[in-house]
Amino acid sequence: MSTQAEKQDPTPVPQRKRSWPAISEDTEFFWNGVRDGELRVQQCSECSALSHPPKPICSACGSFELGHLAVSGAGTVYSHVTFHKPPSPGFDEPYNVSVIELAEGVRLVSQVVGVQPGEVAIGMPVEVEFTEVEPGLVLPLFHPVAEAGGEEDVRG
Amino acid sequence: MFVDSQWSNKTAIVGIGQTEFSKKSGRSELRLAVEAVKSAIDDAGLRPEDIDGLATISMDTSAETDIARALGMGDVTYFSRVHFGGGAACGVVLQAVLAVATGAARNVVVYRAFNERSGKRFGTANRGQPVGAGSEQVSAGWTNPFGLLTPASKVAMFAQRYMHTFGATSEDFGRISVVDRKHAATNPNAWFYEQPITLEQHQQSPWIVEPLHLLDCCQESDGGVALVVTSSERAADLAQRRVSIAAAAQGIADDQHSMTSYYRPDSDFVGLPEMSLVARQLYKTSGLTPDDIDGAIIYDHFTPLVLPQLEAFGFCPVGEAKDFIRDGNLELDGRLPLNTHGGQLGEAYIHGMNGILEAVRQLRDQSCNQIDGVDHMLVTAGTSVPTSGLLLSRS
């Protein structure tokens, strides 16, 4: 198990640009993992069901005994948008936001980086990277990889 | 559990009121609410002291106390609010129906008023840092840090996958906008009165969040609306022709999130299971079928989600809304005239509640764009959030 996280201070801080995540006891394992370079998905200790976003109970079997699975970080783009307006602190418009479907079958919202937003497409293979997008805020972002079977990084 | 059909048509909307719709009202939100409420009570031929129930959307800033005090309502025995923004638009009417049907109140006013353009704008990116770790703040942490900051961006994510799955195009979305603006053009109360648009103008309007153009997005508006619900028996003695509430329903479906239900099976991602739940209830409670519906006020904060709503209510098969729209069915002389007031793209964005007033006008034969032979109107509330709907009938 991970160590108890130092909770991110929710008080508005002028130097912060992006909206930082609020973290609860139910979700701190995810953000601890991100800080440590590991993408974690909630997994029920009883029935092994995966769930994201995390819940305080396993909705498959009703167990409160919850752990997590460190996933591979491989996935595909499930849907995507290109954000143009309004201007938002911490972002350079236009930028991509995507729903990523992980190889393990769960989805999460992230950004595909390393390509122009217009090049992102549904079905594009991607893998996770951990990026400090501004001082103190590490996020799990994704970049394209070669089609399944290849190892080449298409970012060039 | 569905609302039992014994409540069908036992309550009615007997009064409607609204302010002007603008971009800068110059008045307090409370003043707008009081003006709309007073107008609705006057329209019904009631007096403020006859009103003993109030219902609104949880985001509304005007307290029941301030409205009751301002208008001299005296004793109020029922007051209730519904969460999830525009998804509550018809849910607040359900609150009124239940209150009247159970006797908790006799005459309930439903209201919504805001300065959404000149005051706090919902379309502005979420710049605030989440404070506290309540479930809604924690949920925002799965989207906001990654730049999914606005309602438009959250809806665009659904639209992209819908287009990919069913072959719908930006032009199909644009046709909704064109119909809305066509109807607004002949509605003097609409902000875009006498300002229709073409599909080319839609296509040339700037990107907000691809695949959404500016003209896929509803307006930002200042204004207020209100309506009065009472029993059908009392309604018979009042000033206006009553409009019967055939059914009202709410819905939260499996794995529902507020605007970001991105974790569902494929068929639900490109559908609106919460709206399908509302549809099943409305049809069951009222005994009506899609063929009975003569016109529809479909929630149009963003055009793409009009399409799966048409499918959820069974007006066309899943994935075929684009064809239903291309065939002209949403025109005033079509199978299902859409948003005859101009919708939230054309008339105003009052969290969908201005559309309920238009359905009432249709059933009173008072619309600027009157549907021939209209007997039953559908109204839907905000999509991608927990939602609600209404079926209204001519008495």
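Only heavy atoms go into these numbers, but all of them, side chains included; no hydrogens, no water, no symmetry mates. Just so it is clear, the structure is predicted and the values come from calculations on it, not from any experiment. Numbers restart at 1 for each chain; the letters A, B, ... are given by sequence-line order, proteins then strands.
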Decide yes or no on side chain to side chain contact (heavy atoms under 4.5 Å, CB included) for A/Val109 and B/Trp142, but give the supporting numbers first. CA-CA 7 Å; A/Val109 173; B/Trp142 304 117; 5.7 Å; no

I'd like to verify something: which residue of B/Leu148, B/Thr143, B/Ile208 has the highest number of heavy-atom pairs under 4.5 Å with chain A? B/Ile208

Rounded to the nearest 0.5 Å, what separates atom CD in A/Glu101 from atom CG in B/Asp266? 7.0 Å

Side chain, backbone, both or neither: which part of A/Ser98 has a heavy atom under 4.5 Å from chain B? backbone

What pair of heavy atoms forms the shortest contact from A/His84 to B/Trp207, and how long is it? CD2-CB, 3.5 Å

Do you know which of A/Leu141, A/Thr82, A/Val133, A/Val106 has the most heavy-atom pairs under 4.5 Å to chain B? A/Thr82

Would you mind checking which part of B/Arg121 comes under 4.5 Å of any heavy atom in chain A, side chain (CB onward), backbone (N, CA, C, O), both or neither? neither

May I ask you to say whether B/Asp255 pairs ionically with A/Arg107, meaning some side-chain N is under 4.0 Å from a carboxylate O? no

Could you tell me which non-hydrogen atom of A/Ile122 sits nearest to which non-hydrogen atom of B/Gln160, and how far apart they are? CD1-O, 4.0 Å

Least distance between heavy atoms, A/Ser19 atom then B/Asn144 atom: OG-CB, 3.7 Å

Above 12 or not: heavy atoms from other molecules or residues under 6.0 Å from CD of A/Glu132? yes

In terms of heavy-atom contacts, A/Thr27 and B/Val138 come closest through CG2-CG1, 3.5 Å

Of all heavy-atom pairs between B/Tyr263 and A/Leu108, which one has the smallest distance, and what is that distance? CE2-CA, 4.1 Å

Where on A/Pro140 is there a heavy atom nearer than 4.5 Å to chain B: the side chain, the backbone, both, or neither? both

Side-chain contact, heavy-atom cut-off 4.5 Å: B/Met157 with A/Val97? yes

Using a 6.0 Å cut-off, check whether atom CD of A/Glu65 has over 12 heavy atoms from anything other than its own residue. no

Region of A/Tyr78 that comes under 4.5 Å of a non-hydrogen atom in chain B: both

Would you name the heavy atoms of B/Pro145 and A/Phe91 that are closest together and state the gap between them? O-CZ, 3.5 Å

Under the side chain to side chain contact (heavy atoms under 4.5 Å, CB included) rule, what do B/Phe269 and A/Ser79 come out as? Steps first, then yes or no, please. CA-CA 10 Å; B/Phe269 192 100; A/Ser79 192; 4.2 Å; yes

Atom pair NZ/OG of A/Lys55 and B/Ser135 - distance to nearest 0.5 Å: 13.5 Å

Mind checking the CD1-CZ spacing from A/Ile100 to B/Phe146? Nearest 0.5 Å is all I need. 10.0 Å

Check each atom of A/Phe83 against the heavy atoms of chain B and say whether the ones under 4.5 Å are side chain, backbone, both or neither. both

